Amino acid sequence: MSEPDQLPGDIVCLDDEDSDEEEDDDIIDIPDVATCQKLVEEFAAITSTDEACAQFYLQDRKWNLEHSVNAFFEASSGGVKVLTDGEEPELVVTFDSKMVSSLKAGKVTQEAPKTFRFITWNIDGLDNLNLKKRTKAVAKVIESEKADIVLLQEVVPSTLSYLQDLLPQFVFIVGDTMEYFTATLLRRTTTHYDDHTIIPFDNTTMGRNLLSVQAHIGDLKLHLMNTHLESTAEFSKQRREQLKIGFNRITSTPSGVSGIFAGDLNLRDKELAAEGLPAGIFDMWEACGRRQECKFTWDTARNTNKQFPGSFKPRLRFDRVYLRPSNPPTLNAEHFGLVGIQRVTGTQSFPSDHWGIIIHFKVRGTSSESSDASSSTSVPSTST
């Protein structure tokens with residue numbers, strides 16, 4: 001099946017929307033379209049790469065061909081490198097020849113990976129303060145953590161366009177293209193897109209829905225559900241109804257498919273207690289050991305992007321990940337942590353007012369290993 005449609009090309013560029021004084025150093029005179037295309041072609045010819053790789057390097061180095069080519073060859077082995085050719089050290093992703101050919105062909109790796117990394121993160125696209133720098137920091141975290149599957153919430157058209165430029169190695173599936181929305185990212189060389197559906201919430205007053213994506217990693221079949229449930233305390237009733245829709249969807253996932261339901265659920269513990277966690281579904285923070293330092297994802301005591309007067313600083317576990325294992329189980333969760341906990345260089349901001357969640361999954365074997373696993377427990381591994 002072909003990839004999902006991309007965002008229409010008339011979306012305003014993020015650079016045009018940024019008006020913060022702290023962003024002024026990012027504003028440059030971009031060459032005209034013809035010049036940009038010529039630079040892209042020259043870079044691709046010199047480095048024997050493709051246009052996606054060329055655009056990534058050139059855009060991040062203000063369309064300076066010499067700096068871009070030098071940066072590429074400094075990191076020619078591929079992976080994530082720290083480069084020092086610009087005004088400040090910069091973490092960038094580079095492409096080795098195998099990745100370039102895979103990206104160009106749109107193929108996954110020949111041998112499916114035995115592990116994958118999953119991130120869910122509300123990236124706060126509605127806050128214009130340092131928006132471009134914060135979004136760029138999000139992209140750097142995604143690459144430095146080597147994420148394979150990423151569920152984003154509170155994406156806006158300009159940040160989507162910028163992320164697509166920075167992360168061409170991912171397929172983007174979006175829940176909408178207006179105002180703010182969810183986006184699910186799948187790494188092209190590890191995770192294969194199969195299909196997706198958008199389930200609207202009839203009771204929403206905030207444009208919320210459920211983005212359901214079917215994908216696979218080798219023989220591992222995945223049902224990925226990304227959502228941003230209704231916000232604020234006064235919408236508790238609507239949020240609980242939306243939560244129930246998500247739980248019903250994940251429980252109805254075919255038995256041979258691993259279901260993951262995650263996102264900014266805006267959930268309070270009392271609301272979950274009122275609805276109840278369905279049998280066979282696991283809260284991944286709890287399954288991975290309930291580490292207290294990883295409990296709160298909207299933590300105004302540590303994250304200063306949102307200021308609250310007085311001594312009371314709300315700390316809530318708004319962002320959650322639920323797993324409905326396949327039968328027999330094919331996944332172990334080996335690590336549960338937080339990302340985005342360092343300030344963005346040159347600002348007092350964190351990448352978002354939410355911490356992101358990262359989970360390292362191990363894919364179990366499909367033959368004897370799965371048979372052994374099915375005879376034991378279906379609770380995810382709690383090793384960290």
Side-chain angles (χ1 to χ4, degrees), residues 1 4-8 11 120-127 149-157 159-160 172-186 193-215 222-255 257-284 297-298 316-324 353-354 357:
M1 182 173 293
D5 294 337
Q6 300 296 307
L7 193 69
I11 294 300
T120 180
W121 199 355
N122 179 324
I123 60 172
D124 195 19
L126 294 177
D127 185 353
I149 299 169
V150 183
L151 275 53
L152 300 178
Q153 302 85 45
E154 224 167 281
V155 182
V156 297
T159 58
L160 175 63
F172 282 70
I173 307 104
V174 296
D176 204 342
T177 57
M178 304 293 290
E179 297 186 8
Y180 65 100
F181 44 87
T182 58
T184 296
L185 284 59
L186 307 178
Y193 165 83
D194 293 318
D195 199 2
H196 78 278
T197 307
I198 299 172
I199 299 99
F201 291 141
D202 293 336
N203 67 350
T204 184
T205 61
M206 304 176 186
R208 308 293 171 84
N209 58 30
L210 181 65
L211 175 58
S212 171
V213 174
Q214 287 74 45
L222 293 166
H223 180 196
L224 308 167
M225 299 196 305
N226 181 5
T227 195
H228 186 184
L229 300 186
E230 218 78 354
S231 306
T232 72
E234 57 265 37
F235 285 91
S236 176
K237 179 177 181 293
Q238 291 86 342
R239 183 165 51 250
R240 285 171 53 185
E241 291 170 351
Q242 295 165 0
L243 178 69
K244 187 179 295 185
I245 292 172
F247 281 155
N248 287 341
R249 289 273 175 172
I250 195 172
T251 22
S252 63
T253 298
S255 63
V257 178
S258 298
I260 298 177
F261 172 42
D264 178 3
L265 305 187
N266 280 304
L267 203 57
R268 283 70 167 170
D269 288 337
K270 62 181 181 181
E271 295 171 344
L272 178 64
E275 292 302 321
L277 186 65
I281 295 179
F282 299 94
D283 181 320
M284 297 309 294
T297 61
W298 196 71
L316 294 161
R317 194 159 71 97
F318 280 160
D319 307 82
R320 306 193 183 202
V321 181
Y322 293 105
L323 172 68
R324 201 303 307 269
D353 62 330
H354 288 243
I357 293 172

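Because only heavy atoms are used, hydrogens play no part in the values below, and waters and symmetry mates are left out as well, while side chains stay in. Since the structure is predicted, the reported quantities are computational estimates derived from the model, not experimental observations.
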Salt-bridge test for Arg320 and Asp269: reply yes if a basic N is under 4.0 Å from a carboxylate O, no otherwise. yes

I'd like to know if the side chain of Asn122 reaches the main chain of Gly263, judged simply by a donor and an acceptor atom lying under 3.5 Å from each other, with no hydrogens or angles considered. no

Side chains of His196 and Ser212: do they bring a donor and an acceptor to under 3.5 Å? no

From CA spacing to verdict: side chain to side chain contact (heavy atoms under 4.5 Å, CB included), Leu211, Leu224: CA-CA 8 Å; Leu211 175 58; Leu224 308 167; over 6 Å; no

Check: Leu186 and Ile149 side chains under 4.5 Å, non-hydrogen atoms: yes

Going through the distances and angles, do Leu160 and Phe172 end up as a side chain to side chain contact (heavy atoms under 4.5 Å, CB included)? CA-CA 9 Å; Leu160 175 63; Phe172 282 70; 3.5 Å; yes

With sequence neighbours excluded, tell me which residues meet ring pair (Phe, Tyr, Trp, His ring centres under 6.0 Å) with Phe318. Trp298

May I ask you to decide whether Asp283 forms a salt bridge with Arg317, counting only side-chain N to carboxylate O separations under 4.0 Å? yes

So Met206 and Tyr180, side chain to side chain contact (heavy atoms under 4.5 Å, CB included) or not? Walk me through it. CA-CA 10 Å; Met206 304 176 186; Tyr180 65 100; 3.7 Å; yes

To the nearest 0.5 angstrom, please state how far the CG atom of Asp353 sits from the CG atom of Leu126. 9.5 Å

Is the side chain of Thr251 donor-acceptor paired with the backbone N or O of Asn248 at a distance under 3.5 Å, no angle test? yes

For Asn203 and Gln238, run side-chain hydrogen bond (donor to acceptor under 3.5 Å, both in side chains): C-alpha distance rounded to whole Å, both residues' side-chain angles, the deciding distance at 0.1 Å, then the answer. CA-CA 6 Å; Asn203 67 350; Gln238 291 86 342; 5.8 Å; no

Are Val321 and Phe261 side-chain neighbours, meaning at least one heavy-atom pair lies under 4.5 Å? no

Do Ile357 and Trp121 have side chains that approach each other closer than 4.5 Å (heavy atoms only, starting at C-beta)? no

Is the side chain of Arg208 donor-acceptor paired with the backbone N or O of Leu229 at a distance under 3.5 Å, no angle test? yes

Please say which of Arg239, Lys237, Lys244, Arg240 ends up in a salt bridge (charged side-chain N to carboxylate O under 4.0 Å, His left out) with Glu271. Arg239

Looking at Gln153, is its backbone amide N or carbonyl O close enough to the side chain of Asn226 to form a donor-acceptor pair, meaning the two atoms are under 3.5 Å apart? no

I need the Ile250 CD1 to Ile260 CD1 distance, nearest 0.5 Å. 8.0 Å

Can you see whether Asp195 engages Gln214 through a side-chain donor-acceptor pair at a distance of less than 3.5 angstrom? no

To the nearest 0.5 Å, tell me how far Thr227 OG1 sits from Glu230 CD. 9.5 Å

Value for OG (Ser236) from CZ (Arg268), rounded to nearest 0.5 Å, stands at 7.5 Å

Quick check for you: to the nearest 0.5 Å, what is the distance between Leu210 atom CG and Phe201 atom CZ? 5.0 Å

Can you measure from CG (Asp176) to CG (Asn209) and round to the nearest 0.5 angstrom? 6.5 Å

Between Phe282 and Tyr322, is a side chain to side chain contact (heavy atoms under 4.5 Å, CB included) present by the stated rule, with each step listed? CA-CA 5 Å; Phe282 299 94; Tyr322 293 105; over 6 Å; no

Walk me through whether His228 and Thr182 qualify under side-chain hydrogen bond (donor to acceptor under 3.5 Å, both in side chains). CA-CA 7 Å; His228 186 184; Thr182 58; over 6 Å; no

Would you please name every residue forming a salt bridge (charged side-chain N to carboxylate O under 4.0 Å, His left out) with Glu179, sequence neighbours left out? none

Using modelled atom types only, decide if a donor and an acceptor are shared between the side chain of Glu275 and the backbone of Leu272 within a distance under 3.5 Å. no

Looking at Asp319, is its backbone amide N or carbonyl O close enough to the side chain of Thr297 to form a donor-acceptor pair, meaning the two atoms are under 3.5 Å apart? yes

Using every non-hydrogen atom in the two residues, find where Phe247 and Gly276 come nearest and quote the distance to one decimal. CE1-O, 4.0 Å

Answer whether the closest heavy-atom distance between the side chains of Val174 and Val155 falls below 4.5 Å. no

Minimum heavy-atom distance between Val257 and Arg324, given as atom pair plus value: O-NH2, 2.8 Å

